[in-house]
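The sequence lines fix the lettering, A, B, ..., with proteins before strands; numbering per chain opens at 1.
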2 protein chains.
Amino acid sequence: MTNIRDLARVAGVSVSTVSRVLNDHPYVADDKRQAVQQAILELGYIRNQTAVHLARGRTKTIGVVLPYVDHPYYSAILQGIARRAFDAEYRFLMWQTNYEEERERLALQALSQREVEGLIVVSHALAPEEFLKFEDYGRIVFCENHPNVSTVYVDHYAGFRSGLEELIRLGHEKIGICLSREHSVNSIARKKAYFDLVPDARQEWIDTPALTVEDGARIASRWLASNERPTALLIASDYVASGVYMTLRKAGIRVPEDISLIGFDGHPLSAVMELTTISIPCEEIGGEAFRLVTESDKTERIILPFELVSRKTTSVRTNV
Amino acid sequence: MTNIRDLARVAGVSVSTVSRVLNDHPYVADDKRQAVQQAILELGYIRNQTAVHLARGRTKTIGVVLPYVDHPYYSAILQGIARRAFDAEYRFLMWQTNYEEERERLALQALSQREVEGLIVVSHALAPEEFLKFEDYGRIVFCENHPNVSTVYVDHYAGFRSGLEELIRLGHEKIGICLSREHSVNSIARKKAYFDLVPDARQEWIDTPALTVEDGARIASRWLASNERPTALLIASDYVASGVYMTLRKAGIRVPEDISLIGFDGHPLSAVMELTTISIPCEEIGGEAFRLVTESDKTERIILPFELVSRKTTSVRTNV
DNA sequence: GTAAAGTATGAAACGCGTTTCATCGCAAGA
DNA sequence: TCTTGCGATGAAACGCGTTTCATACTTTAC
């Protein structure tokens, strides 16, 4: 492997000059610059990035912590991060955690070991404080609403509220909700909105987990089997909502005549399924998180908007 | 930043001994080991991974080249890679390319610069030969069928054949297909299967691109507007097939009475949509590709199985 | 009892690019 | 003519952990 010193020898210059040529620094005479470039071609020299990282003391790499990749919400955020990272000539390492704390800790370890310069925590199991212990090693940006941290998020309380208000406006009183996980910050906010706004809110009308289409099918089956059925469901993911929708239709239930459904995320799927949904800018969450983690030097909180998109799975309550 | 030499000084040993302790080498006396561990705690020492990478001459990192993350096929493969990489204590860098050659070249550059030890090329725009030029720098594994390369793939010719045979068996003669991209290896294989097996195969019944649900909606609209309609569609992705399905149903077309649909991938969505599909083990593709790129030392070709899963979007042709 | 084998440890080299600091030539300003 | 000052360049230090090699002391083995 030829290195910068070989280059210097062949070109008849010092290593500093070679480095200057490599990095397009000024103050290099044309003839020497050409001699170096000639040597590079002759020896087939290729820069060792690892050495550059060590010498510069930075890796131009960030870490991304998320539970699953094969889930549209997370992959959309990841897409946003990837896009922005590419433009900024940054790389990113991903920790796909399944919400296992041990895996999240590995990402923190990488941060402290200076393998990554910052961390985007899309969703996590570990307490936020555990993350903040590592703040000295690099910026940590969350995609969930925690106090006193840099974060890019959507106000899920308000988002759920808008969905619930819509259902109430349509005359629904027996409303159920489906939450992705039991105890996440988002779920807590959403649950609060539920109990704040729905007079007849009931613990047994909260279904969880709601992450996959299969969860949707399960939720629909449960609904079918229950003797006191909500007339409307606000579901934390379009994917899950699609599962619910299809399973109910299969069972002969008419949507929205028999039950109203509202999804969440605004995934393209919701459009072809004509699902009413609360749309959020997932890619932008990722992009902004990347911007914060690389550019910002103070704690920043970015709240991105949501939008209730009414389509064909919601209507005025007709039955009891 | 305290380093290994500070540690040596404080512990009263040499740097070699410190390194031995850090790496659990044998041949370190207990008292010295403890002295080093004590020093580590005292000084709050944290290993610099970049230095380790440089010294060891390896990064335990591989690169992944794929066009999009927010697409279920790719994210499922990525999930497989991520899972396996975690177990092997490997990291991976991702190049999300949008099929832009320039972006793919950046991944190759990273390989040559020893930033990554190998490359998994899930799908690509650049000619395979362009990749193979870089084989000296590390193993390159494809997830598509190219000659003379390490690859993990599904036989898409056979896969499409099985779908087409099923449709023919059901009495369909006017069969259309939807391909993800015009000129990918997979599409070429699939197109060949189409022309080999379907007597009335027509160029105008090949629809492309077919990557997103929106593509599905577009394809369905085209079908609705055409005057000579295929009675069956074999679609290269469940996502797209879902889009087709929902859009046709919206328009009052009965599936499978008026048209049979077969999807591809075996995505969970196909189950709740009751879509007939050709199921392939996406996660396993990723996992095996990871295994090859890190463990194998010769060119290996792994062909993974597919399976036709008959559900409710296919039936005997009833109309003309 | 002596050779062979194993245990323990440190100095120094190594991987490799970047950056600081000193130096020197030469041109512009006084 | 003398002083600034900029342009150009190299030596050496730096970032930091790993590994090789030599050395020296203990144990086993015969």
Quick note, B:V13 side chain, CB onward, closest among D:dT9, D:dT18, C:dG10 is C:dG10
Side chain of A:R114 only, heavy atoms from C-beta on: which candidate in D:dT18, D:dT9, D:dC16 is closest? D:dC16
Rounded interatomic separation in angstrom, taking [atom1] from [X] and [atom2] from [N]:
| X | N | atom1 | atom2 | answer |
| --- | --- | --- | --- | --- |
| A:I40 | C:dG17 | CD1 | P | 10 Å |
| B:Q49 | D:dG15 | CD | P | 19 Å |
| A:H25 | C:dG17 | NE2 | C1' | 11 Å |
| A:Y45 | C:dG17 | OH | C1' | 7 Å |
| A:R58 | C:dT18 | CZ | P | 14 Å |
| A:D6 | C:dG17 | CG | C1' | 13 Å |
| B:R5 | D:dT18 | CZ | P | 11 Å |
| A:L54 | C:dT19 | CG | C1' | 13 Å |

Hey, does [X] reach any base, or is it just sugar-phosphate, or nothing, if we go heavy atoms under 4.0 Å?
| X | result |
| --- | --- |
| B:R47 | sugar-phosphate |
| A:V28 | sugar-phosphate |
| A:S19 | base |

Between A:T50 and B:R56, is a side-chain contact (heavy atoms from CB on, under 4.5 Å) present by the stated rule, with each step listed? CA-CA 10 Å; A:T50 309; B:R56 293 218 178 114; over 6 Å; no
Quiz: residues 29-39 of chain B side-chain donor-acceptor pairs under 3.5 angstrom, not counting sequence neighbours:
unit_1 : atom_1 : unit_2 : atom_2 : d
B:R33  : NH2    : B:H25  : O      : 3.0
B:Q38  : NE2    : B:E42  : OE2    : 3.2

Over all atoms of both residues, closest heavy-atom pair of B:C143 and B:Y153: O-CB, 4.0 Å
Position toward the 5' end of DNA chain D (nearest nucleotide), A:P26 or B:N3: A:P26
Distance alone, cut at 3.5 Å: any donor-acceptor contact between the side chains of A:R181 and A:N186? no
Using salt bridge (Lys or Arg N to Asp or Glu O under 4.0 Å) as the criterion, list what pairs up with A:R103, not counting sequence neighbours. A:E100
Specify the residue among A:I46 and B:Y27 whose closest nucleotide of DNA chain C lies further upstream toward the 5′ end. B:Y27
Ranking B:K32 and B:V15 by the position along DNA chain C of their nearest nucleotide, the one closer to 5' is B:K32
Do the side-chain N or O atoms of [X] get closer than 4.0 angstrom to the phosphate oxygens (OP1, OP2) of [N]?
| X | N | value |
| --- | --- | --- |
| A:N23 | C:dT18 | yes |
| B:N48 | D:dG15 | no |
| A:S14 | D:dA11 | no |

Is there, by distance only and without an angle test, a donor paired with an acceptor across the side chain of [X] and the base of [N] below 3.5 Å?
| X | N | answer |
| --- | --- | --- |
| B:S16 | C:dA11 | yes |
| A:R56 | D:dG15 | no |
| A:R20 | C:dG17 | no |

Does B:D87 CG have over 12 foreign heavy atoms under 6.0 Å away? yes
Would you indicate whether the side-chain heavy atoms of B:L66 and B:S123 approach each other to under 4.5 Å? no
Measure the acute angle between the ring planes of A:H124 and A:F131, then classify it against the limits of 30° and 60° as parallel, tilted or perpendicular. perpendicular
Divergence of helical axes at both termini of the helix from C:dG1-D:dC30 to C:dA30-D:dT1 - five pairs an end, 10° steps: 30°
